[in-house]
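The structure under discussion appears below in the form of structure tokens.
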Amino acid sequence: MTNLEEKVLEIISWGDDYEETPTECFENIMSSFNGSKDQLKGVLGSLLKKQLILEGEYPNGLTSYHLNNQ
């Protein structure tokens with residue numbers, strides 16, 4: 001796992017629990033991430049491929065990213 005992947009997982013872990021899983025939206029991750037939007041999109045894509053996070057949707061329609069606790 002890369003340093004950026006570890007940092008993004010850490011940022012998501014700080015998020016509010018949604019359905020008993022730490023969850024954050026892209027904008028909140030971006031506000032704590034030290035990189036560009038394109039870098040963050042790449043890191044999130046990599047984490048999704050590695051099945052370390054899951055993508056979902058908040059009731060308000062925003063995309064959410066959940067730690068995969070399985």
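Pairing each heavy atom of Glu20 with each of Asn69, the nearest pair is O-ND2, 4.4 Å. Closest non-hydrogen pair, Gln51 versus Asn68, comes out as O-ND2, 2.8 Å. In terms of heavy-atom proximity, Glu24 sits nearest to Ile11 at CG-O, 3.9 Å. Closest of all the heavy-atom pairs between Leu4 and Phe33 is CD2-CE1, 3.9 Å. Minimum interatomic distance between Leu48 and Ile53 (heavy atoms only, all atoms of both residues): CD2-O, 3.5 Å. Among all heavy-atom pairs drawn from Lys50 and Met1, the shortest one is NZ-CA, 4.2 Å.
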>> Pair Phe26, Ser64 - check side chain to side chain contact (heavy atoms under 4.5 Å, CB included), show working.
In response: CA-CA 7 Å; Phe26 184 89; Ser64 58; over 6 Å; no

>> One pair to check against side chain to side chain contact (heavy atoms under 4.5 Å, CB included): Cys25 and Tyr58. What are the steps and the verdict?
In response: CA-CA 9 Å; Cys25 68; Tyr58 286 120; 3.8 Å; yes

> Is there a side chain to side chain contact (heavy atoms under 4.5 Å, CB included) between Asp16 and Thr23 once you walk through the steps?
Replying inline: CA-CA 6 Å; Asp16 294 332; Thr23 304; over 6 Å; no

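Met30 contributes atom CE, which lies 10.5 Å from atom CG of Leu44 (distance to the nearest 0.5 angstrom). Note that CG of Leu40 and CD of Glu27 are 10.0 Å apart. Values are rounded to the nearest 0.5 Å. Taking OH of Tyr65 as the start and CG of Leu9 as the end, the distance is 13.5 Å to the nearest 0.5 Å. The CD atom of Glu57 sits 8.0 Å away from the CG atom of Leu62 when rounded to the nearest 0.5 Å. In this structure, OG in Ser32 is found 9.5 Å from CD in Glu10, a value given to the nearest 0.5 Å.
The side-chain contact (heavy atoms from CB on, under 4.5 Å) with Leu52 is formed by just one residue from the set Val8, Leu47, Ile12; it is Leu47.
Under 3.5 Å, the side chains of His66 and Thr21 contain no donor-acceptor pair of N or O atoms.
The number of heavy atoms from other shown groups lying within 6.0 Å of CG (Asn3) does not exceed 12. Shown here is Asp17, whose CG atom has more than 12 heavy atoms of other residues, nucleotides or ligands within 6.0 Å.
For Ser46 (side chain) and Val43 (main-chain N/O), no donor-acceptor pair under 3.5 Å exists by modelled atom type. Ser31 places no side-chain N or O within 3.5 Å of a backbone atom of Ile29 that could act as its donor or acceptor partner.
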